[in-house]
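Numbers restart at 1 for each chain; the letters A, B, ... are given by sequence-line order, proteins then strands.
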Amino acid sequence: MLICFSLFLTDQIIPHTIFVFYLTGCTLLLFVVIRWEEERYTDGSKWRFLEHKGPVFAPPYEPLPDKVRFYYDGKPMKLSAPAEEVATFFAKMLDHEYTTKDIFRKNFYKDWRKEMTSEEKSKITDLNKCNFSDMNEYFKAQSEARKQMSKEEKLKIKEENERLLQEYGFCIMDNHKERIGNFRIEPPGLFRGRGDHPKMGMLKRRIRPEDIIINCSKDSKHPKPPPGTKWKEVRHDNKVTWLASWTENIQGSIKYIMLNPSSRIKGEKDWQKYETARRLKKCVDRIRAQYRDDWKSKEMRIRQRAVALYFIDKLALRAGNEKEEGETADTVGCCSLRVEHIKLYPKLDDQEYVVEFDFLGKDSIRYYNKIPVEKRVFKNLQLFLENKQPEDDLFDRLNTSILNKHLQELMDGLTAKVFRTYNASITLQQQLKELSCSDDSIPAKVLSYNRANRAVAILCNHQRAPPKTFEKSMQNLQTKIDEKQNQLSAARKQLKAAKADHKASHDDKSKKAVEVKRKAVQRIEEQLMKLQVQATDREENKQIALGTSKLNYLDPRISVAWCKKWAVPIEKIYNKTQREKFAWAIDMAEKDYEF
DNA sequence: CGACCGACTTGGACTAACGAGG
DNA sequence: CCTCGTTAGTCCAAGTCGGTCG
């Protein structure tokens with residue numbers, strides 16, 4: 001289909017643009033922009049030309065003014081610059097719960113000592129005797145001062161940021177100027193893992209040019225390292241999409257500088273992801289029948305595989321790779337579930353065969369769910385649990401690699417995470433169908449959309465901590481509603497009076513007055529409704545995070561089509577960044593799009 | 001196979017910027 | 001115009017999954 005080529009109309013195209021006029025039917029004139037490199041590379045290469053300016057490094061450490069003191073054992077002590085820098089990382093976090101945690105303190109202290117002079121090392125022997133509060137107050141004052149800056153100063157900073165963005169924030173990939181996602185190198189600091197992370201508090205070291213591998217094309221203008229420094233390496237690997245990388249010192253993993261989601265390369269990948277999920281839609285019935293059948297298999301490994309897949313499909317669980325013990329927080333996904341994470345209830349309340357899940361998933365977010373399952377699944381689970389300890393694997397004959405190999409055989413490109421994408425998107429589509437009502441006002445329609453979105457977020461267990469200001473903001477909103485209600489009854493009274501007046505006088509002036517009052521009532525009613533809808537939406541959203549599903553799981557074409565169908569402006573659903581990311585979908589989907 | 005690595009997607013928290021209402 | 005609360009954007013951690021190597 002020609003429409004495929006009209007992707008990414010919105011971003012900047014440098015040369016080689018071909019304009020084609022294409023006639024369909026007899027009246028419709030399609031204006032299609034083709035970019036020559038949009039023909040997919042078949043050899044696995046991701047680009048032919050790549051040019052960029054390299055990353056922006058964190059500003060160097062600025063020593064504290066002498067008046068800001070660090071106290072050891074009650075006495076002021078001047079620290080060497082390296083020790084002081086690391087101390088400031090801790091001082092800045094003093095208000096955070098982290099700094100009270102034993103592991104955090106222990107890790108910090110250990111790494112801090114490495115930065116101390118031998119003199120400091122012998123003097124400072126106990127973290128509990130360290131007093132950072134003066135430093136902490138200094139930083140608070142600094143950030144306060146930043147907020148109080150004059151308009152001109154703020155503007156100056158903004159302009160400087162803009163300059164940096166213009167210089168380093170873009171690259172050229174295959175004739176397109178593309179926005180870079182993260183062109184700033186992460187500054188040094190203390191590692192903050194999530195959940196019970198064994199490495200929390202460790203020093204994340206400063207990244208220097210000598211740590212950076214640059215990736216660009218041979219024939220491009222290579223980025224220059226800062227004066228007096230060199231890159232670790234400059235390579236020209238067009239089988240990958242990153243522009244620069246370095247190895248981080250906490251887990252020893254590699255970090256990358258890559259393009260923004262609005263870029264062609266990310267957009268096409270995203271599109272592909274949803275196309276895979278749509279292919280799953282076509283064969284999901286077959287696959288479901290298959291795994292149901294496999295529940296009866298003679299082989300334990302196949303039964304385990306089939307039950308795991310059932311959970312992944314039904315509950316949208318993540319695959320659950322194995323993790324190195326002691327290196328990260330203890331979290332699990334489907335394949336790595338342990339006996340201790342589920343409880344079986346042959347009968348619970350008025351339901352049969354209930355499984356209770358309780359485990360920490362990605363980011364140590366708790367997954368808790370009680371769910372009735374088919375008898376066969378239940379019996380299988382009982383079997384899997386036999387003779388096992390709580391810390392044993394539930395699926396001892398299964399891992400993600402086995403599962404994904406199996407899935408690959410069922411459908412080309414199928415992996416565990418495709419089920420999450422598929423189930424998320426299909427749920428949105430179906431919920432939208434169910435909840436949307438043509439008589440609704442735009443805010444009511446948007447509420448329906450958010451509710452559909454919420455159903456997906458709940459399915460995917462996307463939770464958030466209730467915002468700190470939640471209660472207060474709820475109260476504020478309620479106050480506004482009350483006020484609006486008063487306004488409304490006042491307006492209604494006025495309308496009534498105007499009507500009476502008109503009945504008595506029957507003149508044009510009073511007739512007009514009635515109209516004016518009627519309009520006022522109507523306007524206030526609308527405003528009130530809007531507020532009430534907002535309150536409902538917010539309340540329902542207290543602990544649910546919608547962003548992740550919206551950005552990563554929901555085929556944007558469903559939303560675009562819905563907007564077109566119900567005449568809801570796309571801006572009500574996607575903000576500017578999101579519209580940029582989903583430009584391909586906005587451009588592509590018509591109102592009758594079916595996932 | 002299984003351990004390990006590399007590349008890429010997904011994730012919630014934090015913070016800066018913005019805009020509605022006083 | 002200023003303040004305060006909301007929202008968008010940034011940050012960077014933590015997953016998934018494929019490939020390689022012994």
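- In this model, the phosphate group of C:dA13 is not approached by any side-chain N or O of A:Thr328 to a distance below 4.0 Å at OP1 or OP2.
- The residue A:Gly333 sits apart from the nucleic acid: no heavy atom pair falls under 4.0 Å.
- Under 4.0 angstrom from either OP1 or OP2 of B:dC8 there lies no side-chain N or O belonging to A:Lys255.
- Taking atom OH of A:Tyr98 as the reference point, atom P of C:dC12 lies 13 Å away to the nearest angstrom.
- If you take CG of A:Leu155 and C1' of B:dA16, they are 15 Å apart, rounded to a whole angstrom.
- For A:Lys405, no side-chain nitrogen or oxygen approaches OP1 or OP2 of C:dG18 to under 4.0 Å.
- Residues from residues 541-556 of chain A that place a heavy atom under 4.0 Å from any atom of DNA chain C: there are none.
- Atom NZ of A:Lys417 is separated from atom C1' of B:dT10 by 8 Å (rounded to the nearest Å).
- Atom CG of A:Asp270 and atom P of B:dT9 are 8 Å apart (whole Å).
- One atom, CH2 of A:Trp47, and another, C1' of B:dA7, lie 15 Å apart when rounded to the nearest Å.
- At whole-Å resolution of the value, CG in A:Asn321 and C1' in C:dC17 are 7 Å apart.
- Regarding A:Tyr256, its OH atom lies at a distance of 11 Å from the P atom of B:dT9, rounded to whole Å.
- Taking the six-membered ring where tryptophan is involved, the planes of A:Phe132 and A:Phe90 are tilted, since the angle between them lies from 30° to 60°.
- Across all strands shown, A:Asn575 has heavy atoms under 4.0 Å from sugar-phosphate atoms exclusively, and none from any base.
- A:Ile365 comes within 4.0 angstrom of the backbone, heavy atoms only, and of no base.
- Following rounding to the nearest Å, A:Ile257 (CD1) and B:dA7 (P) show an atom-to-atom distance of 14 Å.
- Phosphate proximity of C:dC17 to A:Asn404: present, with a side-chain N or O under 4.0 Å from OP1 or OP2.
- Backbone-only contact: A:Thr241 has heavy atoms under 4.0 Å from sugar-phosphate atoms and none from a base.
- Within the structure, a side-chain polar atom (N or O) of A:Arg318 is placed less than 4.0 Å from OP1 or OP2 of B:dG11.
- For A:Lys281, the NZ atom is densely surrounded, since the number of other residues' heavy atoms within 6.0 Å is greater than 12.
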(request) Go through the steps to decide whether A:Lys255 and A:Asp211 satisfy the test salt bridge (charged side-chain N to carboxylate O under 4.0 Å, His left out), and finish with yes or no. (result) CA-CA 11 Å; A:Lys255 299 230 173 177; A:Asp211 301 313; over 6 Å; no

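- For A:His52 and A:Phe183, the distance between ring centers is not under 6.0 angstrom.
- Comparing A:Gln578 and A:Ala416 against DNA chain C, the residue whose closest nucleotide sits nearer the 5' end is A:Gln578.
- Dashed line: the shortest gap from a side-chain N or O of A:Arg420 to OP1 or OP2 of B:dG11 is under 4.0 Å.
- In this model, a side-chain donor or acceptor of A:Lys362 finds a partner on the base of B:dT10 within 3.5 Å.
- Between A:Thr415 and C:dC17, a side-chain N or O to OP1/OP2 separation shorter than 4.0 Å is present.
- Residue A:Ala329 is out of contact with every strand shown, counting any heavy-atom pair closer than 4.0 Å.
- Taking every heavy atom of residues 194-213 of chain A and every atom of DNA chain C, pairs under 4.0 Å involve A:Arg194, A:His197, A:Lys204, by number.
- Every residue two or more places apart in sequence or in another chain that forms a side chain to side chain contact (heavy atoms under 4.5 Å, CB included) with A:Lys269 is listed here: A:Gln272.
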